[in-house]
Amino acid sequence: MKKPWIIFLTIVIFLFCCNKKKTITNSRTERFEKILGEPENSYLNEIVDDFDAFLDSKYKRDISVSKFKQYLLKNSEADISKFWRIDSLKLIKYRQSNLFAKYDFIYPDSIWYENGQINLKFNKYEMEESIIPNQRKKRVLNIDSIINIKKNEPRRMLIKASKFFIALDSVKQGSPLINYYLQTKKLSGSTPPHILTHGILYDLSNTDQYFCKRILIMELYDCQAIMRQKPGNKDL
């Protein structure tokens, strides 16, 4: 007689846990979209819809593996040029919003070597930076060559933060994926797509796809923008 009650209790607990997880997920999504605001939320949803349409056109339906997961598995070792891109014409409209961060690309106004360090000065932002050259064994350190490289290497300065990251930061509590991504973003500035895809695949479930897709799309845009950056272009 005890077995039916045990089975019933197990089912009730399982359904309760599923419902609780769904409630937390919905609450996180609602808060994210509220902080993101308009038109940024509508623009991001439109980008995700285009991405889903791309997945539908490229991958077959599989009950065991979602089209999104198929895409991640196929591109987990791919070069960034192989990844999906946001439509270039629509991107003009999106950039007018605060969905993407605004950057300025600057070059050092002066650069010099002193006390074992290469020093750079950026007058526009009243910023100085010091670099200790990496001395390799049995190799002569070519300071002039390093200075010439640094002189022509732009720095990316944040002018206005992306509302996407502000909204994402507001819902990071209780989400290992969002926390890990934001910490990595803060430390390195950008995450190589193949590393990000591995991170998403590690803990991917159907309920996570909402944020997983948005994180991947936004990071791909950021990485692709860095790759195609041009001197003097402030809005990549």
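Only this structure's heavy atoms are used, side chains among them; waters, hydrogens and symmetry mates stay out.
The pair K93-E46 meets the salt-bridge criterion, with a side-chain N (NZ, NE, NH1 or NH2) lying under 4.0 Å from an Asp/Glu carboxylate O. In this structure, D62 does not pair ionically with K67, as no charged nitrogen and carboxylate oxygen lie closer than 4.0 Å. Taking 4.0 Å as the cut-off between side-chain N and carboxylate O, K124 and D104 count as a salt-bridged pair. Comment: D222 engages K185 in a salt bridge, judged by a side-chain N to carboxylate O separation of less than 4.0 angstrom. Looking at R155 and E129, a side-chain N of the basic residue comes within less than 4.0 Å of a carboxylate O on the acidic one, giving a salt bridge.
If you check the side chains of Y94 and E40, you find no donor sitting under 3.5 Å from an acceptor. D144 and Y113 form no side-chain donor-acceptor contact under 3.5 Å, judged by distance and modelled atom types alone.
For the atom pair M157 CE and I106 CD1, the distance stands at 5.0 Å (nearest 0.5 Å).
Counting only heavy atoms from C-beta outward, the side chains of Y43 and S97 approach each other to under 4.5 Å.
If you look at F68 and Y59, their ring centroids are not closer than 6.0 Å. Aromatic rings of Y107 and F122 (six-membered ring for Trp) have centroids beyond the 6.0 Å cut-off, not under it.
Ring geometry for Y103 versus F105: interplanar angle of 30 to 60°, hence tilted.
What you find for K163 and I35 is that their closest heavy atoms are CE-O, 3.9 Å.
Enclosure of atom CG in L187 by more than 12 non-hydrogen atoms of other residues, nucleotides or ligands within 6.0 angstrom is indicated.
R214 forms a cation-pi arrangement with Y210, by the criterion of a distance under 6.0 Å to the ring centre and an angle within 45° of the ring axis.
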